[in-house]
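Comments concern the structure below.
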Amino acid sequence: MATPASSQIIIVGSGINSLVCAALLATRGKRVLVLERNDTLGGCIRTEELFPGYRHDILSSWYPLFVGSPGYAELKPALHEAGLEFAQCEYTTGLVQPDGRGLAFKQDIADAARRLDAIAPGDGAAFGAMAQRLFTQDAALTFGLLGQNPYGRGMVKLLFSEWRKRGLDGLMGFAADSVESFRRWSERSLRSDFARALIAPWVLHTGLGPDDACSALIGKLTFAAVVAGGMPVVKGGSSGIVAALQTVIERHGGRLLTGHPVERILTTGSGRGQRATGVIAAGQTFEASEAVVCNVTPQQLYGRLLADTPETLRERAQGYRFGRGDMQIHFALNAPPAWCEPELLKVPLVHLTESMEQVCESVTQANNGLLPARPTLAIGQPTAVDASRAPAGGWILWIQMQEQPARLKGDAAGEITIPADGRWNDAVREAMADRVQARLECVMPGLAQRIVGRRAYSPADLESLNCNLVGGDPYSGICSPDQFFWLRPFAGRDGARGHRTPVRNVFHIGASTHPGPGLGAGSGTLVAQTLAPR
């Protein structure tokens, strides 16, 4: 049994937000304990040798958000001393269509604009103007909204400063642009179907679709940030970032325990005077003298860990909605694929789709419980950046599909038999993987002859790996306006607001909280700053 002085702060879960929060707190002098239910640390960061000599990132893989984050800026010297190394190449992203038309982008906004103009005249200039506005005129407000405590003084100062520069009409105009759908923005601002197809898949990387509110801002910002900042990976596999953060935490006196599912938070007092004293995990009591930080979904926090919270708050937590499921397929190849557009071999992440309209259709099919007939494919090539992931001459394809139903009602193509219970099983998963492989063959002729091994993960498989991925939702909750910015996970109620809970020293972090999903560790950094100001 732990003693009261053994930990000042307990952190539940070991995802990127938890580990960065713990590392920041430990380096600032706090005694930290991280408790993880699984046998391995990392949450959605996991690297495995699925086939001999091939190291695959099973879930997340790309780190542009982390490399540009304030948490990394502070921890960078310690992390690099602990062995963390990022790898990056001059290329960033691209698009390929099933008819073989493709375009690769380098890490250069001006070059990307020129390349796009060559294939879609006028749209390169439109993209350049869009990026210029995002990174200059709107940068302070956009990144301030995402990077600040939504209920802190910094947010008030930010909004006041922007009001003085823009006036009320300017702020209202920004708000209107921020909730616009991608379809509406792209039909007004882009001339070609190709340019719309190029950017539309980036909307999916926060769980939205091109017809959803806020999808224009998210799609534009994500795409432009990738082109400007690149697509770094962790050399040797993403588990390297977990190992480095663990080393930093332990070097500063922190502890990390796996196989310790937290059953409930221990509290004393009542009302506004209620505070946490520790947790029960794996049948043991662990005491925390200062705070408990939870990287869990709202249902887990208010339905299990803090079960004595007001009924209205539990109902609000139960009403928090999760999005579509994700599916991943990992290919080990004995040689690089024969892309229809050879330059795409150099690109870390390529999207495959026919059009923006096809992305919309696939989203609608998945929302209706159907397996998409033509899913949008995010085709990751980590070996284009880090050759150490595969044997000499080998190659890895990391395929992500973000338009999969959590529960199955049918197949839009009418080819795959759906089980009566609507649950994913091995047969459905492999049939969907076959569909994806055939789709890849359109742009990578002869792919089948290069395959050493294939491993697919359905939405149900992903949830079994990480219980925060409810229904296989990789973003732990829809990023719709009612669950985003100030309202994530939901509007303040009964003392729950932002990262704070009704228990004054219990804090909520993770993808279900502001600023939402991604590997930037935003919520963990914000809560670390609250608990131990720098």
Side-chain angles (χ1 to χ4, degrees), residues 15 43-44 46 57-61 201-212 215 218 296-300 320-330 351-353 358-380 398-413 415-437 439 454-480 483 489 510-512 516-518:
C44 285
R46 182 184 295 232
D57 285 341
I58 300 303
L59 296 165
S60 58
S61 188
W202 287 98
V203 170
L204 304 178
H205 288 267
T206 50
L208 298 177
D211 287 315
D212 291 333
S215 58
I218 295 299
V296 298
T297 65
Q299 288 92 332
Q300 293 177 55
Y320 181 80
R321 305 323 301 161
F322 295 91
R324 294 180 299 278
D326 181 28
M327 182 173 176
Q328 294 206 347
I329 309 173
H330 302 275
H351 285 111
L352 167 62
T353 187
Q358 182 57 59
V359 176
C360 295
E361 182 177 342
S362 296
V363 166
T364 300
Q365 289 171 347
N367 287 342
N368 289 334
L370 304 178
L371 294 169
R374 298 173 178 176
T376 306
L377 306 184
I379 306 169
W398 174 98
I399 310 298
Q400 184 181 41
M401 292 170 287
Q402 300 167 91
E403 309 148 326
Q404 299 300 309
R407 294 299 296 270
L408 303 168
K409 295 183 179 179
D411 175 24
E415 300 169 346
I416 299 175
T417 301
I418 303 302
D421 62 6
R423 298 180 182 276
W424 284 83
N425 58 29
D426 292 353
V428 173
R429 181 190 66 212
E430 296 308 313
M432 195 64 194
D434 289 341
R435 176 175 296 172
V436 170
Q437 185 173 324
R439 194 158 166 76
R454 184 185 84 181
R455 179 73 61 84
Y457 294 84
S458 71
D461 295 328
L462 297 183
E463 184 176 5
S464 70
L465 292 175
N466 186 334
C467 64
N468 285 350
L469 309 184
V470 177
D473 176 3
Y475 306 114
S476 289
I478 300 170
C479 292
S480 53
Q483 293 188 167
S512 296

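Along the sequence shown, the residues carry numbers beginning at 1. This one's a predicted model, so the numbers in the text were calculated from it and none came from an experiment.
- Nearest heavy atom pair, residue Met401 against residue Ile329, reads CE-CD1, 3.8 Å.
- Pairing each heavy atom of Ala433 with each of Ala456, the nearest pair is CB-CB, 4.1 Å.
- A search for side chain to side chain contact (heavy atoms under 4.5 Å, CB included) contacts involving Asp211 returns Arg183, Cys360, not counting sequence neighbours.
- Residues forming a side chain to side chain contact (heavy atoms under 4.5 Å, CB included) with Ala460 (at least two apart in sequence, or on another chain): Trp424, Ser458.
- With hydrogens and angles disregarded, a donor-acceptor distance shorter than 3.5 Å links the side chain of Arg407 to the backbone of Asp421.
- A pairwise comparison of heavy atoms in Leu352 and Arg439 identifies CD2-CG, 3.7 Å as the closest pair.
- Counting all heavy atoms, side chain and backbone alike, Pro489 lies closest to Gln483 at O-CG, 3.9 Å.
- Applying the side chain to side chain contact (heavy atoms under 4.5 Å, CB included) test to Gln299 and every residue at least two apart in sequence or in another chain returns Thr297, Gln318, Tyr320, Phe322.
- In this structure, Trp398 contributes its side chain and Ser61 its backbone to no donor-acceptor pair below 3.5 Å.
- Leu59 and Gly43 make their closest contact through CD1-O, 3.9 Å (heavy atoms, listed as atom of the first residue, atom of the second, distance).
- The two residues Pro419 and Val428 have their closest heavy-atom pair at CD-CG2, 3.7 Å.
- No option in Val470, Asn468, Leu462 other than Asn468 meets the side-chain contact (heavy atoms from CB on, under 4.5 Å) test with Asn466.
- Listed for the Gln358 side chain is no donor-acceptor partner under 3.5 Å among the backbone atoms of Thr353.
- Under a 3.5 Å cut-off, the side chain of Gln400 and the backbone N or O of Asp326 do not form any donor-acceptor pair.
- A salt bridge links Asp411 to Arg435: at least one charged side-chain nitrogen sits closer than 4.0 Å to a carboxylate oxygen.
- At a threshold of 4.5 Å between non-hydrogen side-chain atoms, the residues Pro474 and Pro517 do not count as touching.
- For Asp426, the side chain to side chain contact (heavy atoms under 4.5 Å, CB included) test picks out Arg429, with sequence neighbours left out.
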Listed pairs under 3.5 Å, donor-acceptor, residues 201-209 side chains, sequence neighbours left out:
unit_1, atom_1, unit_2, atom_2, d
His205, NE2, His351, NE2, 2.9
Thr206, OG1, Val203, O, 3.4

Donor-acceptor list for residues 368-380 side chains, cut-off 3.5 Å, not counting sequence neighbours:
unit_1, atom_1, unit_2, atom_2, d
Asn368, ND2, Thr364, O, 3.3
Thr376, OG1, Glu403, OE1, 3.4
Thr376, OG1, Glu403, OE2, 2.7

